[in-house]
Structure formats: C-alpha cells, structure tokens
Amino acid sequence: MTWGMTSMGKGTAVIGLPRAMLYHRWGTLWQTFFQELGVEAVVSGPTDREILERGTALAIDEACLSLKIYLGHVAALIGKCDYILVPRVSNFGRHRSMCTRFEALPDLVRNIFRSAGQEFLSYDLDVQMKKEEEAAFLELARRLDRPAKEGKRAYRLGKKAELAGHKAAVQAQEQLYKKEGLKILIAAHSYVMEDPYMGGTVVRCLKEAGVIPLRADLVDREGALKRSRELSPTCKWELSREILGGIVQHRDDVDGMILLSAFPCGPDAMVNELITRRLRDIPLLNLVLDSQSGTAGVETRLESFIDIIRFKEGVL
Ligand code: SF4
C-alpha cells in the first residue's frame, strides 16, 4: 500500500475531504491545516439521496449507515481532486479506542475504489503505537513538500481553530439548557448528529414539535471522559465515553432522552443497552436508523415519544 508516499510537489495538489464521519470532528482542523499550507481543499456537499444511494450500493450489507454515507461522499469526490484524505484512526491511548471501522477505513476505501484511478492520502493516529496527531500532520506536510516549521505552524493553528469551534458550540448549547420548554437530549455520535439524513431529520422533527433538542456529544471532552466512568468504568470507545459523560452531566436538565444510532452499530448496541439499564428514571427512546428509514416512520415515533413525556408531565 503506497498511499502516495512520495512528495506531491508544492502547489500542485487538490485535496478532497468527504463530508462524513470524522470530518464532523476534525473538518476545521483539516481545512485550516491545508489552507495554512496553501493547499486547496474541496469538501463534498451535504448528504443527499444520491450520496446515500451510491454509498449503500458500494458497501457490504453489514456496513453501518454512517459508513455507507461516507462511501457515498468519497464517490462524490472521485475525479474532482488529486487526493482524497482518508485517515486511519485507531486510538488516543490506552482504553481510548475508536470503533474498528476507523482503523480499517483507508484499506477499505482503497479496495472499494481500486478501479477508479483515484489517489488517496492518509495519516495514522495510533497513540498506543506512539503515532501522535502532531507527528502525523508533520508527515502530511512533508509529503506536500512543505518544511517542518510550516507544517508545525499549520497544525497548531488548525488545532487551535478546531478546539475554539468546539468550545463555542458547547457554550452555545449550554445557553439552551437555560431556556424554558420541553428538552430532549439526543445521545449519538457527532457524525450521526451532523448528517442531514440522520440527526438532521430528528432535530427538525423535534423543533417542529416545539421541543428543544440538545446533544450529549457537545460537551467538554476531557471532563466527559472522566464523568463517563459513573455510567461505565470499562467502556473503551472514546466517542461513546464522551457521550456517556455528556449524559451524566445533563441527565437532570432534560425531560427525556433519545438514543440515536446508525444500523448496525456494534459500540452503540452495547453502550445503549447499558444506558437503558442504568437510566430507569427518565423517558428513553431507542431510535435506530438504516438506509431504508423513511422520515415518516421516524416522525411518528418521535411524535408518540413527545406525547408520552407531555402526558407524564401533565401537559397533555
Ligand atoms: S461507532 Fe457505530 S456508527 Fe460509528 S463507525 Fe462504528 S459502527 Fe459505524
């Protein structure tokens, strides 16, 4: 596997960023990094029916909906850029793992698109193997023919922008907890929440019903990792732990909770079962989306859930 290991030549490469999965965590970091290096980055458009159908056709049936959508975004970028960025993300340290799909992603994408004549660019984040994020970005800069000093500066500016963006989103959400009205906390991965076909549908339905939707993933990440132990001292998935920490922090501030996942998600199947067993004093809705989930079915289930909460609170 070469992944374009040779230098790409200064000023020549256009990098494609699929608007799915970890783009919703690191999109700001990636865009700022490439911009600071003077490299053009293009992003696929928001998920639409065509992207969903293309991704579903490319994936094996066992792939989760998030991965299917990701493949649709990669397909949308084929031929529109010199390289498509597909990082391998294994872990952030001990007991801080990512779902195995993020480890397999570069190999999987390369294999699926092997006949497309498209080059891919990757980096490896595996803290347990001493492959830290900053070193990975310095290697990316080197491959783009940029000096280490420029790479370090671009990475640090990108990281700063990413953290500032997340902090602003967390602070904006904290204001929503103070508002009057029925509040429902949605526990889902950021890439599920940010996708118009997944979290977007749920958020729209809740808002139309006059409910204030809140996100368990929008929390101070370090604090959430510590708090997550209250619900599970052994959960090893980093993103699930952040969500668990968000639930611990805000479960008393909301009227109900939706566990939203992309079918079939191994980590969510375990973690959501755990949440259901531990949180018996709050109305819970388990919503699993697949590529066939129409909005009508989702809307009906949400409406019933909201009615149950309102009835319970004596509003109906
Ligand atoms: S955590 Fe679940 S939704 Fe996310 S990539 Fe893994 S299987 Fe898919």
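Remember, it's 1-based here, ligands and their atoms both numbered in the order they're listed.
Among the atoms of His189, no N, O or S atom is found under 2.8 Å from atom 8 (Fe) of ligand 1. Look at Cys99 and atom 6 (Fe) of ligand 1: an N/O/S atom of the residue is under 2.8 Å from the metal.
Below 4.0 Å from some heavy atom of Tyr191 lie the following atoms of ligand 1, by number and element: 1 (S), 3 (S), 4 (Fe), 5 (S). For ligand 1, the atoms closer than 4.0 angstrom to any heavy atom of Cys64 are 3 (S), 5 (S), 7 (S), 8 (Fe).
For the side-chain contact (heavy atoms from CB on, under 4.5 Å) criterion with Leu244, the lone passing option out of Leu231, Leu225, Leu239 is Leu231. For the side-chain contact (heavy atoms from CB on, under 4.5 Å) criterion with Trp26, the lone passing option out of Glu133, Gln31, Met21 is Glu133.
At a 4.0 Å heavy-atom cut-off, ligand 1 touches Ser66 through the side chain alone.
The aromatic rings of Trp30 and Tyr123 sit perpendicular, their planes meeting at an angle over 60°, well past the 30° parallel limit.
Protein heavy atom in closest approach to atom 2 (Fe) of ligand 1: Cys265 SG, 2.3 Å. Of the protein's non-hydrogen atoms, the one nearest atom 7 (S) of ligand 1 is Arg101 NE, 3.2 Å.
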Show the numbers, then the answer: is there a side chain to side chain donor-acceptor pair (under 3.5 Å) between His189 and Asp268?
CA-CA 9 Å; His189 294 292; Asp268 280 4; 3.1 Å; yes
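Ligand 1 is approached by Met21 to a heavy-atom distance shorter than 4.0 Å.
Between Arg88 and Asp124 there is a salt bridge, with a side-chain nitrogen of the basic residue lying less than 4.0 Å from a carboxylate oxygen of the acidic one.
Side chains of Asp195 and Thr47: a donor-acceptor N/O pair is present below 3.5 angstrom, by distance only.
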